[in-house]
Amino acid sequence: MSKKAERIASMVGAAPVAGIDPYYQGYFDNFNRGLYYEAHDVLEQIWLKDRHGINGAFYKGLIQLAGALVHLQKQRMQPACSLLKLASANLALYEGTHEHLDVLGVLAFIEHWIAMLQLRNFQVNPLREEPAPILRLEVATPAAESGAKLQ
């Protein structure tokens with residue numbers, strides 16, 4: 001196993017959720033901890049295998065979203081905005097909830113941050129002005145399946 005493969009394998013979700021690819025889950029685990037470059041690396045492993053498949057644009061959009069936040073971490077607002085637009089275009093191909101993700105909610109967040117960047121002439125970093133985004137997977141649990149709601 002190469003060093004990169006070992007590094008990526010170490011970033012994969014430690015507590016797997018039934019029915020969720022561990023690399024897909026690893027993307028969200030890393031993203032929600034602010035490890036956007038690592039999230040990109042983990043999801044790229046799935047995308048490389050499926051880039052021409054039904055979820056190719058979906059995974060690409062999520063990778064672009066993580067990449068945009070890497071740019072924001074490095075204070076590169078215009079490249080971040082460009083990647084946010086690409087991510088939006090790719091994710092917009094999927095409706096409602098796709099692969100356990102509320103795509104409409106993600107698109108709303110992306111559009112909000114694009115507007116913030118443009119309205120402030122790329123002088124204010126939304127990652128510094130607002131709480132970092134949290135992406136949540138909508139996964140059915142035994143409790144949820146029986147009618148109970150988890151908060």
Side-chain angles (χ1 to χ4, degrees), residues 7-51 53-77 79-120 124-151:
R7 182 177 59 81
I8 291 170
S10 74
M11 294 184 282
V12 173
V17 175
I20 304 289
D21 183 298
Y23 284 83
Y24 184 63
Q25 180 184 337
Y27 169 85
F28 294 94
D29 293 345
N30 284 287
F31 188 98
N32 292 338
R33 291 186 357 235
L35 303 172
Y36 306 115
Y37 185 83
E38 291 80 356
H40 156 277
D41 262 359
V42 169
L43 192 58
E44 189 175 57
Q45 300 307 303
I46 297 174
W47 176 74
L48 288 171
K49 296 174 189 168
D50 191 31
R51 64 179 164 234
I54 195 164
N55 284 326
F58 178 73
Y59 296 140
K60 185 176 184 179
L62 291 176
I63 289 167
Q64 291 166 328
L65 175 58
L69 276 84
V70 169
H71 281 302
L72 289 174
Q73 286 177 323
K74 296 181 177 190
Q75 299 297 329
R76 298 190 294 231
M77 268 64 88
C81 189
S82 295
L83 268 181
L84 287 170
K85 289 177 182 179
L86 291 171
S88 180
N90 280 306
L91 292 172
L93 300 172
Y94 302 86
E95 297 180 10
T97 298
H98 184 78
E99 294 295 325
H100 307 282
L101 180 66
D102 173 16
V103 176
L104 294 177
V106 174
L107 289 171
F109 149 74
I110 291 172
E111 293 306 316
H112 172 70
W113 278 32
I114 289 171
M116 284 183 63
L117 286 163
Q118 291 174 335
L119 288 172
R120 296 179 178 175
V124 176
N125 187 339
L127 194 56
R128 307 264 188 260
E129 296 287 310
E130 295 190 1
I134 299 293
L135 301 178
R136 301 215 189 279
L137 292 175
E138 297 177 7
V139 180
T141 63
E145 289 170 0
S146 67
K149 291 188 177 185
L150 302 175
Q151 296 295 327

**Request:** Search all heavy atoms of Ala57 against all heavy atoms of Leu93 and return the closest pair with its distance.
**Result:** CB-CD1, 3.7 Å
**Item:** Gln75, CD atom: more than 12 neighbouring heavy atoms under 6.0 Å
**Value:** yes
**Asked** Does Asn30 offer a backbone N or O that forms a donor-acceptor pair with the side chain of Tyr36 under 3.5 Å?
**Response** no
**salt bridge (Lys or Arg N to Asp or Glu O under 4.0 Å) against Glu129, all qualifying residues, sequence neighbours excluded** = Arg120
**Asked** side chain to side chain contact (heavy atoms under 4.5 Å, CB included) between Gln25 and Asp21: does it pass, once the steps are laid out?
**Response** CA-CA 6 Å; Gln25 180 184 337; Asp21 183 298; over 6 Å; no
**Message:** If you apply the rule ring-ring contact (aromatic ring centres under 6.0 Å, His included), what do you find for Tyr24 with Phe28, and how did you get there?
**Reply:** CA-CA 7 Å; Tyr24 184 63; Phe28 294 94; 4.9 Å; yes
**Message:** Using side chain to side chain contact (heavy atoms under 4.5 Å, CB included), reason through Val106 and Asp102 one step at a time and then give a plain yes or no.
**Reply:** CA-CA 7 Å; Val106 174; Asp102 173 16; 5.8 Å; no
**Request:** Tell me, yes or no, whether the heavy-atom count around Ile134 atom CD1, taken from other residues, nucleotides or ligands under 6.0 Å, exceeds 12.
**Result:** yes
**Request:** Could you tell me the separation between the CD atom of Glu44 and the CZ atom of Arg51, rounded to the nearest 0.5 Å?
**Result:** 9.0 Å
**Leu127 side chain reached by Trp113 side chain, heavy atoms, under 4.5 Å** = yes
**Message:** If I compare all heavy atoms of Gln73 with all of Gly34, which pair ends up nearest, and what's the gap?
**Reply:** NE2-O, 3.0 Å
**Prompt:** How long is the span from the CD1 atom in Ile63 to the CG atom in Leu43, to the nearest 0.5 Å?
**Reply:** 4.5 Å
**Under 3.5 Å donor-acceptor, Trp47 side chain and Gly56 backbone** = yes
**Request:** For the pair Asp50 (side chain) and Ile46 (backbone), establish whether a donor and an acceptor sit closer than 3.5 Å, ignoring hydrogens and angles.
**Result:** no
**Message:** Using every non-hydrogen atom in the two residues, find where Asn32 and Pro133 come nearest and quote the distance to one decimal.
**Reply:** OD1-O, 4.1 Å
**Item:** For Glu99 against Leu137, the heavy-atom pair lying closest together
**Value:** O-CD2, 3.9 Å
**Message:** Does Leu65 form a side chain to side chain contact (heavy atoms under 4.5 Å, CB included) with Phe109? I'd like the steps, not just the answer.
**Reply:** CA-CA 11 Å; Leu65 175 58; Phe109 149 74; 3.7 Å; yes
**Request:** Search all heavy atoms of Val42 against all heavy atoms of Gly26 and return the closest pair with its distance.
**Result:** CG1-C, 4.0 Å
**Prompt:** Considering only heavy atoms from C-beta outward, does the side chain of Leu72 approach that of Leu117 to under 4.5 Å?
**Reply:** yes
**Asked** Quick one: NZ on Lys74 to OH on Tyr37, what's the gap to the nearest 0.5 Å?
**Response** 8.0 Å
**Glu138 backbone acceptor or donor facing His100 side chain under 3.5 Å** = yes
**Request:** Could you check if a side-chain atom of Leu101 sits within less than 4.5 angstrom of a side-chain atom of Leu62, using non-hydrogen atoms only?
**Result:** yes
**Item:** Heavy-atom closest contact (Gly61 atom, Ala87 atom, distance)
**Value:** O-CB, 3.3 Å
**Request:** Verify, without hydrogens or angle tests, whether Tyr94 (side chain) and Phe58 (backbone) share a donor-acceptor contact under 3.5 angstrom.
**Result:** yes
**Item:** Sole residue of Leu83, Leu69, Ile110 in side chain to side chain contact (heavy atoms under 4.5 Å, CB included) with Gln64
**Value:** Leu83
**Asked** Atom OG of Ser88 and atom CG of Leu107: how far apart are they, to the nearest 0.5 Å?
**Response** 5.0 Å
**Item:** Heavy-atom check, side chain of His40 versus side chain of Val70, under 4.5 Å
**Value:** no
**Request:** Begin from the C-alpha positions of Asn90 and Tyr59 and carry the test side chain to side chain contact (heavy atoms under 4.5 Å, CB included) through to its verdict.
**Result:** CA-CA 9 Å; Asn90 280 306; Tyr59 296 140; over 6 Å; no
**Asked** So, Asn125 side chain and Met77 main chain: donor-acceptor pair closer than 3.5 Å or not?
**Response** no
**Message:** Between His112 and Glu130, is there a side-chain donor-acceptor contact under 3.5 Å, judged purely by atom types and distance?
**Reply:** yes
